[in-house]
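Structure record follows, encoded as structure tokens.
Predicted model, so just to flag it, every value in this text is computed and none were measured. In what follows, every heavy atom counts, from backbone to side chain, and hydrogens, waters and symmetry copies are set aside.
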Amino acid sequence: MTDLKEFAQVIDGYKLRQIEVLTRPLRTGAQETRYKIMYHALAEGQVRNKAEAAKLLGLDAKGRPFRRFLMEFRRRLFAPILFLDTENSPNFNPTQKANFECLRKLATFQTLVYRHCPENACILAKTIIELAINNDVTLVALEMATFLKRYYVERVPDSAQYLYYKEYVERLRLDWVAENKAMESYQAVIAPAVKSKSTQLQISRRAQALVDSLSVYKEKCNTIIFVSGYYATKYIGEMSRFHWHDAIAVCDEAIRILDEKSCTSPRIMAVFKVHKVICLTMLDRYVEALQLNSEVIQAEIEGSRNWFLYLDNQMLVSLKATNYQFAYEAAIKIYSNKNFAAMPESIKESWTLLAAYLILAHRNQLINPDIPLEKVLNFKLSRFLNQVPNYSKDKKGLNVPILIAQFLFLLQAKEFDEAHNKLIALRKYRVKHFNTEDGYYRTQLFIRMLCSVVGTSFTKKMFLKKTSDMIKTVTQIPKGHPDQHFKIEIIPYEVLWQWVLNYLD
């Protein structure tokens with residue numbers, strides 16, 4: 001009864017406070033707390049910003065009472081998080097459920113330790129360590145093993161148990177170090193690509209050096225986090241060298257190893273599958289790429305952020321493959337989902353760009369939508385032509401497809417003066433941000449082809465004569481050439497060249 005007595009003393013000494021259940025339905029005619037009213041308004045999408053929230057409560061959005069309300073409201077939402085029913089929720093995969101369970105039990109364990117309940121802490125630690133080890137929750141397992149090792153020295157001396165948990169501690173410490181080094185390596189190679197002007201060669205060399213430094217742990221550590229960090233660093237190194245086949249091999253090896261582990265999260269597997277999709281696309285293996293990406297989408301929860309991003313990939317690959325109907329179907333799923341409005345503006349901008357190319361395909365009679373496409377995609381041409389995109393500060397080419405799409409719309413409408421202005425912008429962008437060392441040969445050559453239309457007075461015969469040799473060169477350069485960015489050439493330039501010819505008719 002010692003363990004039960006410990007529980008009774010702790011709970012009696014620290015009375016449990018009642019937790020307000022905000023999720024219960026609002027009662028008609030009953031006086032509800034403002035916290036419950038606010039919760040339901042947020043959950044049902046009735047409140048979108050602070051001004052609307054303050055108005056609902058009859059408060060000033062800039063006043064102190066409203067700020068105090070928000071602080072208390074947020075505090076009241078923390079406690080229910082611990083009681084979420086993750087076990088029966090379809091929004092959590094088995095790996096996530098096990099991680100949540102470990103963290104919940106860890107909070108209870110730490111409370112027992114701090115309140116001097118060693119008997120219950122020991123019982124719980126043995127349960128937690130088994131769950132944590134089986135699911136590669138290394139840090140939690142290490143804390144449990146460290147406690148149990150100390151317990152069998154200080155509290156209940158037992159040499160056999162001490163040595164048993166001592167071995168666990170040593171192994172888990174190595175895993176913890178390996179995991180941290182693997183994730184630090186991944187961050188070290190991904191950060192320069194996002195933040196700085198590091199060249200692809202610098203990134204590839206850095207990645208190779210880090211992979212070599214991690215090789216000492218590869219045979220000793222096989223946890224999900226280490227495998228993910230190690231192979232993610234390795235495939236970034238291969239992709240930065242534009243070694244698409246080698247990058248696919250790395251992704252395949254990572255997927256195989258993770259698939260053999262019973263506790264692997266589908267979302268971690270999806271990371272490697274999506275990068276494999278990119279490599280397959282750069283090798284013009286569109287059928288394989290779309291099939292694999294469809295598998296990733298089906299394994300994701302509909303309406304989640306990742307689900308949207310994978311559909312974005314599906315739309316992009318479909319456009320590259322000139323499978324416009326498939327791209328249209330992906331777009332419909334994106335724009336018709338109720339969670340679409342909550343997505344960040346930067347992601348919506350990416351979809352708007354893809355939607356622009358989809359509408360261009362429709363205007364070229366390459367899609368037969370059931371209802372007007374502009375209405376489905378909420379696409380306003382005037383807004384697209386005049387927008388200043390977030391990509392405007394980009395120095396690596398992501399502004400190019402926007403300018404090209406704007407030019408194509410204007411050319412089709414015979415707005416030659418405005419089309420000319422877009423070509424001037426394209427030419428300035430090429431001169432300023434691209435040079436022979438940067439590569440982007442297909443893109444640079446295509447921009448030159450477009451700019452040559454001005455010298456032809458927008459006549460088809462002269463444009464065809466000026467660009468016939470250049471289009472042959474573009475055709476000879478593969479789309480996976482070591483200078484192409486996955487998101488720059490949305491529809492193959494050979495196809496866009498033919499569209500320009502059609503517009504000049």
Side-chain angles (χ1 to χ4, degrees), residues 17-93 96-97 100 104 267 297 300-312 315 330-355 370-380 382-384 387 389-390:
R17 293 182 62 186
Q18 182 180 359
I19 297 175
E20 184 177 0
V21 182
L22 300 175
T23 57
R24 286 177 180 159
L26 295 172
R27 298 165 296 174
T28 305
Q31 187 175 358
E32 301 285 8
T33 67
R34 56 184 184 175
Y35 301 107
K36 192 172 178 181
I37 292 171
M38 180 58 66
Y39 170 83
H40 282 275
L42 288 167
E44 293 170 11
Q46 298 171 358
V47 170
R48 294 168 296 177
N49 50 52
K50 289 185 178 180
E52 292 180 356
K55 185 179 180 180
L56 177 67
L57 302 174
L59 298 174
D60 179 6
K62 297 182 179 179
R64 182 177 294 179
F66 182 63
R67 291 199 301 270
R68 282 207 303 257
F69 166 81
L70 290 179
M71 290 175 62
E72 177 62 18
F73 182 56
R74 186 178 291 107
R75 188 187 68 78
R76 292 187 183 217
L77 291 175
F78 283 143
I81 293 294
L82 289 173
F83 300 98
L84 290 178
D85 184 12
T86 56
E87 189 60 37
N88 298 308
S89 172
N91 296 323
F92 297 91
N93 60 53
Q96 291 172 323
K97 291 176 182 178
F100 274 110
R104 282 200 189 99
R267 288 186 173 176
I297 293 171
E300 187 53 65
I301 299 166
E302 184 174 339
S304 68
R305 183 186 176 100
N306 283 340
W307 182 80
F308 277 115
L309 294 177
Y310 299 153
L311 274 173
D312 176 85
M315 196 173 169
I332 293 298
K333 290 179 182 178
I334 290 172
Y335 282 85
S336 62
N337 191 276
K338 64 179 182 179
N339 294 336
F340 170 78
M343 295 303 289
E345 288 303 317
S346 59
I347 294 177
K348 287 183 181 179
E349 184 177 284
S350 172
W351 290 332
T352 300
L353 175 61
L354 296 181
D370 299 328
I371 52 179
L373 199 56
E374 283 90 341
K375 184 177 180 180
V376 176
L377 305 181
N378 190 27
F379 183 86
K380 293 181 173 57
S382 59
R383 186 171 60 191
F384 176 74
Q387 71 174 344
N390 290 333

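Looking at residues two or more places apart in sequence or on another chain, you find a salt bridge (charged side-chain N to carboxylate O under 4.0 Å, His left out) between R267 and E300. K348 pairs by the salt bridge (charged side-chain N to carboxylate O under 4.0 Å, His left out) definition with E345, not counting sequence neighbours. Taking L377 as the reference, A331, Y335, A355, L358, I359, L373, F379 meet the side-chain contact (heavy atoms from CB on, under 4.5 Å) condition, with sequence neighbours excluded. Not counting sequence neighbours, the partners of L77 by the side-chain contact (heavy atoms from CB on, under 4.5 Å) test are L22, Y39, F73. Annotation: side chain to side chain donor-acceptor pair (under 3.5 Å) contacts of K55 (sequence neighbours excluded): none. Contacts of N339 classified as side-chain contact (heavy atoms from CB on, under 4.5 Å), with partners at least two apart in sequence or in another chain: F308, N337. Partners of R104 according to the side chain to side chain donor-acceptor pair (under 3.5 Å) rule, which considers only residues two or more places apart in sequence or in another chain, are T86. Remark: R67 pairs with R64 by the side-chain contact (heavy atoms from CB on, under 4.5 Å) rule, at least two apart or across chains. By the ring-ring contact (aromatic ring centres under 6.0 Å, His included) test, F66 pairs with no residue at all, sequence neighbours left out. Residues meeting the salt bridge (charged side-chain N to carboxylate O under 4.0 Å, His left out) test with E302, sequence neighbours left out: none.
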Worksheet item: So I347 and R305, side chain to side chain contact (heavy atoms under 4.5 Å, CB included) or not? Walk me through it.
Response: CA-CA 10 Å; I347 294 177; R305 183 186 176 100; 3.6 Å; yes
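Contact of the Q46 side chain with the L56 side chain is not registered, since no non-hydrogen atoms from C-beta on lie closer than 4.5 Å. Side-chain contact between L70 and K50 is present, with heavy atoms from C-beta onward closer than 4.5 Å. You'll find the side chain of I301 stays beyond 4.5 Å of the side chain of W307, heavy atoms only.
Heavy-atom neighbours of K97 NZ from other residues, nucleotides or ligands within 6.0 Å: above the threshold of 12.
The heavy-atom pair separating L57 from R34 by the smallest distance is CD2-CB, 3.8 Å. When all heavy atoms of A61 and A51 are compared, the closest pair comes out as CB-CA, 4.3 Å.
To the nearest 0.5 Å, the span separating CD1 on I334 from CE on M343 amounts to 9.0 Å. R76 contributes atom CZ, which lies 6.5 Å from atom OG1 of T33 (distance to the nearest 0.5 angstrom). Note that CG of L353 is 9.5 Å distant from CG of D312, once rounded to the nearest 0.5 Å.
When each of R68, R74, R75 is paired with E72, the salt bridge (Lys or Arg N to Asp or Glu O under 4.0 Å) condition holds for R75 and for no other.
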